[in-house]
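Just below is one structure, and these are the notes that go with it.
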Amino acid sequence: MTQDYLSVLNPEQLEAVTHTGSPLLILAGAGSGKTRVITTKIAYLIDEQNIEPWKILAVTFTKKAATEMRERAEKLCERAVKSQIKTFHSFGAWLLRLYGNFAGIDSNFTVYDDDDMVSLLVKAAPQLSKQQASIVAHKIALAKDYCLTPENPDLRIIDSDAEFAELYGLYENRLRETGNVDFGDLIMLPVLMMEKNPDLRNYIQNQFKVIMVDEYQDSNVAQFRFLKNLVGENTYLCVVGDDDQSIYKFRGADINNILDFQKEFNNTKIIRLVKNYRSTSQILKCADDVVKNNKSRLGKTLEAVRGEGKKPVLAFVPSGDDEATFCGELVSQSNKKGVPYSDWAVLYRTNAQSLNFEKVFNQRKIPYVIVGSLKFFEREEIKDLICFCKFIANPMDELAFERIINKPARGIGKVSVEKIINFAKESKKSSLIETDGILEACFQMKGLSKKTQEGVSFFGNLIKDLKEILISNEGKKTEIETLADFSLDFETILQQQENQLKEFSENSAEENTLSKLIETIIKKSGLAEYYASIDETTGTQKVLNMQELCSVARDFPNNMEGLSRFLDQLELDRSLETENSSDDENKNAVTLITLHNTKGLEFPKVVISGMEYGIFPRREKTPDELEEERRLFYVGITRAKDHLYLTSSKLRVLYGRLEAMEVSPFLGEINPENLDVLGNQPPSYKRFFSKGNSSENGENLDHPLAKRWKKGAFVYHDDYGTGQIINCSITEDEEYCIGVQFETGEKKKFLPKYQQNHLTLVVE
DNA sequence: TCACAGTGACTTTTT
DNA sequence: GTCACTGTGA
């Protein structure tokens, strides 16, 4: 019996779906039906190859991609619901919760994010300033992406300085003391524990018959080793990637994983998918114009399957505000013609750029969603609540403890906090305190002032009470937690976990969800009053935000198990979409999103904003980095199905200062015949296509400001110091523009008209 | 111990 | 321009 879903595939796709046996590498161009191939393959394996669904593992990089993949696979084959479709990190976390004891990790760990890493590092090495610490923390994260422990001599790839290895070691010790893990550990620790314990590795290998990896071009060394360990002799491995879309080198992604795949896995079959079903050929022409400038690529040209379509539009706008207004206008006008808001996506290089769009869209009542903005979880009040939760889950979490012990103020100072933590650590070493770490120390600590003592007791009792409620809701203890042998297979474990969820959804009818816990924390800790008074004086919405977290918590059972799931979800899926204003229509909204986050997504109408040098691409140092930026642009362009707009602003407010911007060199790579250009073309754009008739000498410029700001004159700028004017020009908007070389070596462009407060002429 | 005010650094990109 | 950190005075 042939399945219907096979009949819609082209020959290459069909070959990819039905291929079995040797490892398979699918080189899938943008829009070539990659997700369709993977999801169909899952369905095919289950329906036609009789693979048990739970023996299939499919890993992606983002939660969003995993969710989409699961939904699409389920539509093709109901039983696919039982297959494991997860992100690399969530799969790592899942393994670590089950078998963390092999890596010396207690199962009640929580995941530390980048900020926590920095704080912990400062504690481990107090001589570091926060700034230094964040550089080191970044390197530690990178080291873990390469699966390098502090002892590993190869650590010099990251930083050859012995001091770095030492700091990394100090950090690791401190982290292990807290019983927590960081993001890198979610991959590295499972790798290390499998490599150290062949029995464990064999056992895990036997759990999967099929492993598939999406966006393989962005996998890093640690993830590669993870994969190597998961794939056994009888595991069928299939990876999908596109070298032109590799955009995570900064995070350790190694393009060699895809280039060397054949070497690492014998008899690899390679299938190429180059038919693009997504974008019109006009859009693909631009994409190709851009990406062909990259030297290090396997090289391919997408074949357009759809029609010509409309030429992409390049719009030059005067300012960042105008850019947002332009987009708002595009969206509103099309909406009047019946185009839903959700057809639109506005893409930008940095998160900070979303602000202008938010402002304008709010004014115009255009609904939008921001994808991937961490803002909600970075809010003070939310972090406080999460730290309460973290401390309840893991009483050795000193960072969480520090944050909340004196919030709101209970008369407990830094010194006392330090004392308690140290007391807890000492006691733990001499095993006076067995399980409840710092919490227990709160009760046993002696020698604090009366006021402090009272505060500490209050806090300790609060946590203890909350914890007891959770434990009393635990129900029957699951067998999973005590699992140290390999008697259960993943099917059974997954089944048990599913049963727990079922049990919960029956319980949750009585509203016994984790939101109760959060509510109690808010009320009893005093945070409610504390933030209510702040809200009153500063007009913020902190209390409301805390309520928001309650509703997120509603999906989890009100017990310890639910708590750790809740925390996992928060840490592993920060992308929780934050919606604005009128909640209901959440499905019909413009998407505001960073270019990086668009990987794997598509939209009928796409705007790529901020096409200016310094923003996109950023001022890059190496040709390699520039190529990565170019790939990012390529990814952005190929998200568009029908219409593509590129916007480039002449002025932009950066660091609270108005700066004259130069056009992005990427725009010069697109054949002008492939674009419709709106607005005045800046000289820096024309220059890309003209052959050496530059007129930026500034000698005879006819402008009122030309007499004052002459080439060769010396200037002083508030922020950059002294410098000399090296060229002058006039923009289309008749603004007088000067280029200044500063003593610091920096070169900057200014419009003197807007710099009256910062820039002065130095009279010689 | 805490609240406030002044100063300086800051923008990549993500799990 | 904004946020986080630091130092001072209560």
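Residue numbers start from 1 in every chain, and the chains themselves are labelled A, B, ... in the order their sequence lines are given, proteins ahead of strands. Everything numeric here is computed off the predicted structure, so don't read it as measured data.
By the 5.5 Å and 30° criteria, Phe88(A) is not stacked with the base of dT15(B).
Under the ring-ring contact (aromatic ring centres under 6.0 Å, His included) criterion, Tyr112(A) pairs with no residue at all, not counting sequence neighbours. With sequence neighbours excluded, the residues forming a side-chain hydrogen bond (donor to acceptor under 3.5 Å, both in side chains) with Glu612(A) are Arg652(A), listed by chain and number. When the salt bridge (Lys or Arg N to Asp or Glu O under 4.0 Å) test is applied to Lys249(A), the partners found at least two apart in sequence or on another chain are Asp624(A). Shown here are the salt bridge (Lys or Arg N to Asp or Glu O under 4.0 Å) partners of Asp114(A), two or more places apart in sequence or in another chain: there are none. Shown here are the salt bridge (Lys or Arg N to Asp or Glu O under 4.0 Å) partners of Glu669(A), two or more places apart in sequence or in another chain: Arg630(A).
Atom NZ of Lys86(A) and atom C1' of dT15(B) are 16 Å apart (whole Å). Summarising the geometry, the separation between NE2 on His138(A) and C1' on dT14(B) is reported as 10 Å, rounded to the nearest angstrom. Across the protein-nucleic acid pair, Leu626(A) atom CG and dT12(B) atom P stand 16 Å apart, rounded to whole Å. Rounded to a whole Å, the CE atom of Met117(A) is 17 Å from the P atom of dT14(B). If you take NE2 of His596(A) and P of dT11(B), they are 16 Å apart, rounded to a whole angstrom. Taking atom CG on Asp624(A) and atom P on dT12(B), their separation rounds to 19 Å, with Å as the unit. Atom CD1 in Ile405(A) sits about 16 Å away from atom C1' in dC2(B), given to the nearest Å. In this structure, Glu612(A) places its CD atom 14 Å from C1' of dT11(B), rounding to the nearest Å.
Of the two residues contacting DNA chain B, namely Gly656(A) and Tyr530(A), the nearest-nucleotide position lying further toward the 5' end is that of Tyr530(A).
Proximity note for Ala409(A) (side chain, C-beta onward) versus dC10(B), dC2(B), dT13(B): the nearest is dC2(B). The Arg349(A) side chain lies nearest to dT12(B) when the options are dT12(B), dC10(B), dT14(B). Among the nucleotides dA9(B), dT14(B), dT15(B), the one closest to the side chain of Phe183(A) is dT15(B). With dT13(B), dT11(B), dT15(B) as the candidates, the nucleotide lying closest to the side chain of Ala352(A) is dT11(B). Listed nucleotides dT14(B), dA9(B), dT1(B) differ in distance to Phe250(A); the shortest reach to its side chain belongs to dT14(B).
With a cutoff of under 4.0 Å to any heavy atom of chain A, the contacted region of DNA chain C is bounded 5' to 3' by dG1(C) to dC5(C).
Considering only side-chain N and O atoms, Asn220(A) lies nowhere under 4.0 angstrom from the phosphate OP1 or OP2 of dT15(B). The side chain of Asn351(A) places an N or O atom within less than 4.0 Å of a non-bridging phosphate oxygen (OP1 or OP2) of dT13(B). Put simply, Ser416(A) has a side-chain N or O that comes within less than 4.0 Å of OP1 or OP2 on dT1(B). A sub-4.0 Å separation between OP1 or OP2 of dT12(B) and a side-chain N or O of Arg618(A) is present.
Here the separation of dA4(C) from dT13(B), taken at their P atoms, is 16 Å to the nearest Å.
Residue Asn406(A) is in sugar-phosphate contact alone, with no base atom involved, counting any heavy-atom pair closer than 4.0 Å across all strands shown. At the heavy-atom level, Ser219(A) lies nowhere under 4.0 Å from the strands shown. Across all strands shown, Thr62(A) has heavy atoms under 4.0 Å from sugar-phosphate atoms exclusively, and none from any base.
Between Lys542(A) and Glu380(A) there is a salt bridge, since at least one side-chain N of the basic residue sits less than 4.0 Å from a carboxylate O of the acidic one.
Here the side chains of Asp145(A) and Val221(A) are not in contact, with every heavy-atom distance at 4.5 Å or above. Using a 4.5 Å cut-off on side-chain heavy atoms (C-beta onward), Tyr168(A) and Glu172(A) make contact.
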